[in-house]
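Notes to accompany the following structure.
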Amino acid sequence: MKRLMFGVLISVPAFCLAADPEVGDFGKTSDGQAVEMYTLKSNDGLTAKIMTRGATLVELHVPDRDGKSADVVFGWDDVAGYESEDNQYFGCTTGRVCNRIAKGKFTLDGKEYTLAINNEPNHLHGGIKRSLDKVVWKATGFSNDRGQGVRFSYTSPDGEEGYPGALKVQVSYFVPAKGTSLRISYKATTDQATPVNLTNHAYFNLAGAGSETVLDHMLQLNADKYTPVDDTLIPTGKIEPVADTPLDFTRMKKIGARIDKLTDTAALGYDHNFVLNAKTDATKELNFAALLRDNSSGRTLRISTTEPGIQFYSGNFLKGQQGKNGKTYAYRSAVCLETQHFPDSVNHDDFPNTILKPGETFESTTMYQFGIAKPAEKN
Ligand code: GLA
């Protein structure tokens, strides 16, 4: 590799460090806090923009089969958009506990805790004003020989949104220089036992955010089982097979093919937690979770994770709000594939544990790998 420096051509070794990511202003919150935006780029055409409010993925540009780039996630042009009623957790880091907690109550070490009810009659996605998606995080950009990243950190004080313990959270986004992928890793520590369940709430449409529907996308989920819910979307505690139901995505299926056959649920479409099958290769850190494909653009997205579950939500509450670049976000025009522990785990002893104790470190990683479908792949 050659680089021009002070008018002299010098040789730079091929393993040279990637440059630190660009950082710019993204305006201010309504209470005057400055918000920054970091831009991470791969050499093969992926660009991710992430802001400090809610450590939120704002833009994600990836090439289609002709090399044409499109932004494949929902978002807003400014912080005011993110603060508006129309924002349904677009791209944010979700927590302290993502998904639902029944009636906003749990008991830990003999003490009962009460959280905000913001999704009648339950608690959803960490609360109202100070959930992790609404606070402004500190950020540090970095680079190494493999790519560019940004590390966000936030300390949620004891009692914030009703949760016990001061929780130190770190979320890192990393874009490898090679290929078209984005890795999100989470770390948390606490000074008191407390529930933690973190995810990213990106809304994907691989034909480009703002395309009419996602019902034509193909999806595969690495899950033979799911957690059935009651009529408020709280798990009953049972774990049941997906076989012979519209929840069977063990092989690639069109999202829209059976969505209106979902009869046993209060969700207005797919809004279910799937139990990921055990890892087949113990030497690998990440387990295959989901494969999404859009035949029109050829874009594919493969998600792998350390998490035990994935919430597949088909955008049933989208209402035609206007987002980035004047695009309309129609009913069922995006999917969320939220890798996480099961909903309401704090009230289900036999679900994978979500209680973090002092001295322990919560760690979790999810990889989003974009690609191009082979022409023969249609089903
Ligand atoms: C999650 C929930 C959905 C909905 C969205 C946000 O995916 O499971 O029911 O609340 O978040 O609108």
Side-chain angles (χ1 to χ4, degrees), residues 21-27 35-82 84 86-93 133 147-150 173-176 179-184 200-217 292-303 313-315 318 320-338 366-373:
E22 268 170 45
V23 52
D25 291 339
F26 192 55
V35 176
E36 288 175 333
M37 178 97 101
Y38 283 77
T39 302
L40 310 180
K41 286 187 177 177
S42 85
N43 295 335
D44 295 314
L46 179 140
T47 300
K49 294 193 179 194
I50 311 115
M51 69 160 166
T52 51
R53 181 189 190 265
T56 296
L57 179 63
V58 174
E59 293 177 29
L60 186 59
H61 301 262
V62 285
D64 70 1
R65 63 160 74 84
D66 302 318
K68 206 172 144 236
S69 196
D71 186 355
V72 296
V73 296
F74 283 12
W76 308 95
D77 292 315
D78 52 24
V79 179
Y82 284 92
S84 76
D86 281 347
N87 180 18
Q88 296 167 334
Y89 301 92
F90 293 174
C92 68
T93 296
D133 57 298
Q148 297 184 311
V150 53
Y173 286 73
F174 186 75
V175 170
T180 46
S181 60
L182 170 69
R183 184 185 175 105
I184 308 182
N200 180 280
H201 210 302
Y203 284 67
F204 294 102
N205 186 312
L206 298 183
S211 300
E212 239 165 68
T213 184
V214 85
L215 298 181
D216 56 357
H217 280 39
L292 184 66
R293 192 176 78 221
D294 166 47
N295 289 333
S296 69
S297 63
R299 290 191 188 89
T300 61
L301 166 60
R302 186 187 164 88
I303 300 180
Y313 167 60
S314 53
L318 292 168
Q321 55 266 66
Q322 231 181 46
K324 281 177 286 186
N325 298 315
K327 298 268 171 145
T328 300
Y329 298 150
Y331 173 62
R332 294 181 175 171
S333 68
V335 285
C336 301
L337 293 162
E338 307 157 46
T366 296
M367 184 83 176
Y368 305 82
Q369 276 172 296
F370 292 88
I372 301 297

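All heavy atoms count here, side chains included; hydrogens, waters and symmetry mates do not.
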(request) Could you grab the distance from atom NZ of Lys327 to atom CH2 of Trp76, nearest 0.5 Å is fine? (result) 14.5 Å
(message) Between Thr300 and Gly371 (side chain of the first, backbone of the second, donor and acceptor by atom type, cut-off under 3.5 Å), is there such a pair?
(response) yes
(message) Keeping Arg65 on the side-chain end and Asn295 on the backbone end, is there a donor-acceptor pair under 3.5 Å?
(response) yes
(message) For a quick test of reading the model, state the closest non-hydrogen atom pair linking Tyr82 to Gly75 and the distance between them.
(response) OH-CA, 3.3 Å
(request) Supply the atom-to-atom distance Asn200 CG to Thr366 OG1, rounded to the nearest 0.5 angstrom. (result) 8.5 Å
(message) Quick check: closest heavy atoms across Val73 and Leu60, and the distance to 0.1 Å?
(response) CG2-N, 3.6 Å
(request) For the pair Phe90 and Tyr329, evaluate ring-ring contact (aromatic ring centres under 6.0 Å, His included) and give the outcome as yes or no after the intermediate values. (result) CA-CA 11 Å; Phe90 293 174; Tyr329 298 150; 5.6 Å; yes
(request) Can you tell me which residue pairs pass the salt bridge (Lys or Arg N to Asp or Glu O under 4.0 Å) test with a partner in residues 66-79, sequence neighbours excluded? (result) Asp71-Lys324
(message) As an exercise, state the distance from CD of Gln88 to SG of Cys336, rounded to the nearest 0.5 Å.
(response) 9.0 Å
(message) Tell me whether Ser69 contacts the main-chain N or O of His61 through its side chain, where contact means a donor paired with an acceptor under 3.5 Å.
(response) no
(request) Would you confirm whether Arg183, through its side chain, and Gln369, through its main-chain N or O, come within 3.5 Å as a donor-acceptor pair? (result) no
(request) Could you tell me whether a side-chain N or O of Asp216 sits under 3.5 Å from a main-chain N or O of Asp294, the two making a donor and an acceptor? (result) no
(request) State whether the side chain of His217 and the backbone N or O of Leu292 hold a donor-acceptor pair below 3.5 Å, judged by distance alone. (result) no
(request) Heavy atoms only: give me the nearest Phe26-Val79 pair and the separation to one decimal. (result) O-CG2, 3.1 Å
(message) Using 0.5 Å steps for rounding, measure from the CG atom of Leu318 to the OH atom of Tyr331.
(response) 10.0 Å
(request) Mind listing the closest non-hydrogen atom pair of Ala373 and Arg293 along with its distance? (result) CB-CD, 3.5 Å
(request) Looking only at non-hydrogen atoms, find the nearest pair between Asp86 and Gln321 and report the distance. (result) O-NE2, 2.9 Å
(request) Using ring-ring contact (aromatic ring centres under 6.0 Å, His included) as the criterion, list what pairs up with His201, not counting sequence neighbours. (result) Tyr89, His125, Tyr203
(message) Looking at Ala330, is its backbone amide N or carbonyl O close enough to the side chain of Thr328 to form a donor-acceptor pair, meaning the two atoms are under 3.5 Å apart?
(response) no
(message) Rounded at 0.5 Å granularity, tell me how far CZ in Phe174 sits from CD in Gln148.
(response) 8.5 Å
(request) Could you tell me the separation between the OH atom of Tyr368 and the OH atom of Tyr173, rounded to the nearest 0.5 Å? (result) 8.0 Å
(message) Quick check against the 3.5 Å criterion: does Ser297 have a side-chain atom that pairs as donor or acceptor with the backbone of Leu206?
(response) yes
In residues 45-58, what donor-acceptor pairs under 3.5 Å come from side-chain atoms, sequence neighbours left out?
from	atom 1	to	atom 2	distance (Å)
Thr52	OG1	Glu36	N	3.0
Thr56	OG1	Arg53	O	2.8
Thr56	OG1	Gly54	O	3.2

(request) Over all heavy atoms of both residues, which pair between Phe74 and Ala334 is shortest? Give the atoms and the distance, please. (result) CZ-CB, 3.4 Å
